[in-house]
Novice: 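If you scroll down you'll find the structure; I have some questions about it.
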Amino acid sequence: MNKVTEFFAPGKIIFGPGGLSQVGVEAKRLGSKVLVVLGRSAMRKSGALDRLTHLLTENNLEYIIYENILSDPTVETVDTGASLARKGSCNLIIALGGGSVLDTGKAISAMVVNEGSVADYQEIEGKGRKFQHKPIPFIAIPTTSGTGSEATRNAVITNTKLGLKKSIRDLCLIPEVALVDPELTLSLPPHITAICGCDALTQCIESYLGKKSQEITNALALHAIGLIGKSLVKAVKEGKNLEARKDMAMAALLSGLCLSNSGLGAAHALSHPLGVYYKIPHGLSCAVLLPYIMEYNQPVVTKKLAKIAECLGENISSLSETEAAQRAVEKIKEILTAVGIKENLSEWKIKEEDFPQLIKGAKGGSLNNNLRDISDKDLTELLYKMTGLC
Ligand SMILES: [Fe+2]
């Protein structure tokens, strides 16, 4: 199909083991007073925070620390951080952490200079203000390999008042610098490594299969799928294997570039309400949903699924296209089993009477990007399968 495409990426991507050492120089280039956004205690314990603050001080930068950011950051968390940054006259945000911490830092960088609450800017029907002012510079330093938030133009924020998890989204939100140092992921526990890696895998597959797929992101997605096939199980089982961690960090970064430019699909659409109503970790619900969504889409993406099987190292030379597509789904299931993900979410006790609410929460951009149309009836059937209720 002839279509005109666009591709956006962070102003600068720094990648490689030991890359954290460049943060001082980058920060000095972009600001003078930093709000450092941090999760709970992992980066304090690992010594990464000390290294970061030492590098800032060495480069004559002042900083304030905003920490204890939890998973699924709320409107209040972002608004409080923005007010802290304004009071402290910060002109640069650095977030060091997982996807939730990066999303918080990204949202704060915009809210420091834009009026109102971040809730006013969420993609909620009838709302969704546009940012009037360019965010202050933002350096994203991921410590997990999953969301790819270091490369994306959106931040997912939970609006507890409305019971919604919705993005703020704008090109101006793409981080000025994505600093990806795989050494920071070496101490990540196996289960977190697994669900984050599955999130990246789902992002690559959904952007590759989606309506907005394009040549640049297709190339990135297929390369990342290959890296994940090669190294996810290894990263989960041998946490200190730097080579495997490097592959996963690259795959997550690429998955961010893919989703930011080509969107997602039905697995991500359903994963958001499951996070809001049942607090199911994002990567876990994506992982469980992925094979079901691939099977659902198979009639319209057979050729692409066959290519995925090939990228995952399967020999498809003697298989028909349909058989090769099915092999891709089977291979994904094998990977999920190997990293300890169950085939459904039965232990989360999702109730049938909540299905209408979950379906309502799934509506939006990601669902619209799914190549094969999905009716409410189809979503209900998918929910029966993935909840283990049938
Ligand atoms: Fe995701």
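Just so you know, ligand 1 is whichever comes first in the structure, and atom 1 is the first atom listed for that ligand.
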Novice: Mind checking salt bridge (Lys or Arg N to Asp or Glu O under 4.0 Å) for Glu353 and listing every partner two or more places apart, or none if nothing turns up?
Specialist: none

Novice: For a quick test of your reading: what N or O donor-acceptor pairs under 3.5 Å do the side chains of residues 357-367 make, sequence neighbours left out?
Specialist:
unit_1, atom_1, unit_2, atom_2, d
Lys363, NZ, Asp376, OD1, 3.1

Novice: Around the Fe ion (ligand 1), what protein N, O or S atoms are found below 2.8 Å?
Specialist: Asp199 OD1, Gln203 OE1, His268 NE2, His282 NE2

Novice: Can you confirm whether Asn370 sits close enough to Ile293 that some side-chain heavy atom of one is under 4.5 Å from a side-chain heavy atom of the other?
Specialist: yes

Novice: Do you see a donor-acceptor pair shorter than 3.5 Å between the side chains of Asn91 and Ser32?
Specialist: yes

Novice: Can you name the residues that form a ring-ring contact (aromatic ring centres under 6.0 Å, His included) with Phe7, not counting sequence neighbours?
Specialist: none

Novice: Are a donor atom and an acceptor atom from the side chains of Ser260 and Thr152 found within less than 3.5 Å of each other?
Specialist: no

